[in-house]
Novice: 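Mind having a look at this structure? Questions to follow.
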Amino acid sequence: MLDVDRVLAELTLEEKAALTAGADLWHLKGVERLGVPSVMVTDGPHGLRKQVAASDHLGLGEAQPATCFPTAAALGSTWDVDLVRRVGVALGREARAAGVAVLLGPGVNIKRSPLCGRNFEYLAEDPALAGDLGAALVDGVQSQGVGTSLKHFAANNQETDRMRVSADVDERTLREIYLPAFERVVTRARPWTVMCAYNRVNGTYAAEHPWLLTRVLRDEWGFDGVVVSDWGAVRDRVTSLAAGLDLQMPSPGPRADEQVAAAVRDGRLDEAVLDAAVRRVLTLVARAQPALDDPGTVDLDAHHALAREAAAAGAVLLKNDPVDGAPLLPLSGGRVLVVGELARTPRYQGAGSSQVTPTRLDDALTALRGALGDVPFEPGYTVPEGPDGDDAALLGSAVAAARAADTVVVHLGLPASDESEGYDRPRLGLPDNQVALLHAVAAVTRRVVVVLAGGSVVEMPWRDDAAALLVTWLGGQAGGSAVADLLTGAVAPAGRLAETVPLRLEDTPAFGNFPGEARHVRYGEGVLVGYRWYDTRRLDVAFPFGHGLTYTTFGYDDVRAQVRGEGAATEVEVSVRVTNLGDRAGAEVVQVYVHDPEAAVQRPVRELRAFSRLVLEPGESRTASFTLTARDLAYWHPGLRRWVVEGGTFVVEVGASSRDVRGAVEVEVVGEPTWGELSETSTIAEWLEHPRGAELLAPLVAPHDGEPGLADMDDSTRAMVLQMPARAIVEYGYAPLDHDDLAALVAAANGQSRR
Ligand code: BGC
């Protein structure tokens, strides 16, 4: 075992400086004379991307085969912490067997706009969901003695200009939307590393951000691991180290190391800061050593089966309307026709640093033929990655075949070039040739099942053409088999939307503020992200957050919510009984949302605070129970800069999606004080809310010298006066006091003696 203290004591300044950057693209530096090995880190979130040769400098070259699990878009839609943890365990085992110390994932950035090219690598538009699933993945990987890198910290919600753009976000929005998923993972699963983002946050590069990297991450959340840079995110390591970074990746070369040593020598960088970073890097190496010494084995067949299970669990059945008296799915015999090039040329992962070389690859066409016998196939349209063809001829041939079929399964999806790390999506819609094909097929039969692939949501103006609609995201190497499992009913769909499907791009929260301009992107929608936006603004959507069908239905009853404690110690016990009403087993995801209808700040009408997945046999009932904490009720007070539970009535809703609320209970909550220090510019209203301030101000706003008291004013005058700063009392000569008197009042109100 590496003796971190001893090594640290024996390292020269130059060696310490060198240890704060990589040796090459994928390795940390070692120190041979002290027995510090050089360990390897590699991507990524849904499969190991261990490059075969380090020949290219962007690190995008061919990787050795590894199981390509479903991407985060699909894993997020499982809402299944247990399953995601098992995927993490499998990823950890593969990393361990490959001699990798840290797997670079998961990504828990919030899906702010569906146009983000990298949404396929992110879990959800909601921080509670992203946080719980991210924690499960970290927990699984790290259970194998392999580290993770929680990324990209923070506010990396687009690819456009990602290495320069400043995400301009108010603190409340950061605290309530963009940071909590990181916070949950850090505090619950303790990732070995956190990867800072490329972008700036409110003008400062994330890699140079003391507030993010030290105050929030370490001081508030207690993070004790390594902060590693995103690849190429560090401009000046001295500034970054001082802000809280520990490790620059990849390798900027020896001159950059020398600059760090020089900064210590000439006093620009405190040696204690460098020592702390080196200690963390060495501790990381020490943590990784046991697994590196004992690589274990990997069962690739079992991992393929797990990838198949996860792909099926992440697919979301958006609709399944009856045709001729019965829902189209599961398929129930008759002549099935498969249409769509993507059925045999699958899209199963995204492009960029997370791209895995799969150990094998299932396609839906082969899998469906395996399950149903020799089903006919028509490509229907071309995709850039598939064989050449003439779209008009392919469409004509598909329509002719559709006339002779009982049910047509149409595979559609985003072309690979539409979404990738490094740039954002050019459009929200599917390619015209695919939409034209669907229209033409739907014109000859109503028995159309659409299977949709893509790393994020698409506009679906065509959704009435499909009686059944299954979205599979980018489902990994076994996604094709998972589609067959779901369509045939061998497996019941269980996924739920982790992102809203909007009607139009123009309805999306960030529209008009995405991707920004002149190196700034303004998060103008504030906390109204995802369903918080659509629900608060009462916008129609194509399919709401949390939605997903299966082959049975569920009844909810006996919804209860009960408050215990008060203020920062409030807890709310919530429970609901759920019953499987159909004749098939199925999984229901029970969702708990909270709303504070009367609040001092604008709050979304509904925020997900907890969820639970229940698997129920036909006729079976079970009770789901949840404990909400004060934090689940609180908002981030922008003035006080802390979480505050405001007293009053809260609404706790239980439902099957953000638009399918099955029960609501009002609870009374005793809040915490929301006043801070008073000043001359605090408003009269703020003085009157403050217990000591109210006492002191009372005589001044009582009737005096012929002036009316506050209570005697008419409503509109009083409303105006309440919003005036206290200094207006002096400036309007309303009461006989000057600025010195007011300053004395301020001091007294704040409990200070005045010099
Ligand atoms: C990506 C990271 C990735 C790293 C290493 C960067 O470009 O943003 O997510 O882990 O490269 O490949």
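We count ligands from 1, going down the list as the structure has it; atoms in each ligand are counted the same way.
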Novice: I need the contact type for E121 against ligand 1. Using non-hydrogen atoms and a strict under-4.0 Å cut-off, is it side chain, backbone, both or neither?
Specialist: neither
Novice: Given the side-chain rings of F545 and W79, with only the six-membered ring counted for Trp, is the space between their centroids under 6.0 Å?
Specialist: yes
Novice: Taking heavy atoms and a distance under 4.0 Å, where does R49 meet ligand 1: side chain, backbone, both or neither?
Specialist: side chain
Novice: Considering only NZ, NE, NH1 and NH2 on the basic side and carboxylate oxygens on the acidic side, decide whether E421 and R118 come within less than 4.0 Å.
Specialist: yes
Novice: Y523 and Y178: aromatic ring centres closer than 6.0 Å?
Specialist: yes
Novice: What atoms in ligand 1 come closer than 4.0 Å to a heavy atom of Y198?
Specialist: 6 (C), 7 (O), 8 (O)
Novice: Determine, for K151 against D43, whether the closest basic-nitrogen to carboxylate-oxygen distance falls under 4.0 angstrom.
Specialist: yes
Novice: Counting only heavy atoms, which portion of K151 has something under 4.0 Å from ligand 1: side chain, backbone, both, or neither?
Specialist: side chain
Novice: Under 3.5 Å, is there a donor-acceptor pair between the side chain of E258 and the main chain of E14?
Specialist: no
Novice: Could you list which atoms of ligand 1 come closer than 4.0 Å to a heavy atom of D230?
Specialist: 1 (C), 2 (C), 3 (C), 4 (C), 6 (C), 7 (O), 8 (O), 11 (O)
Novice: For W26, take its heavy atoms, then give the atoms of ligand 1 lying under 4.0 Å from any of them.
Specialist: 5 (C), 12 (O)
Novice: If you count the atoms of ligand 1 from 1 in the order shown, which ones are under 4.0 Å from a heavy atom of E421?
Specialist: 1 (C), 6 (C), 7 (O), 8 (O)
Novice: Tell me yes or no: between the side chains of T67 and E94, is some donor less than 3.5 Å from an acceptor?
Specialist: yes
Novice: For ligand 1, which part of R118 has a heavy atom less than 4.0 Å away: the side chain, the backbone, both, or neither?
Specialist: side chain
Novice: Minimum distance, heavy atoms only, to atom 10 (O) of ligand 1: which one of L103, N156, D43 is it?
Specialist: D43
Novice: Please determine whether a side-chain nitrogen of the Lys or Arg among R86 and E309 lies less than 4.0 Å from a carboxylate oxygen of the Asp or Glu.
Specialist: yes
Novice: What atoms of ligand 1 come closer than 4.0 angstrom to any heavy atom of R162?
Specialist: 7 (O), 8 (O)
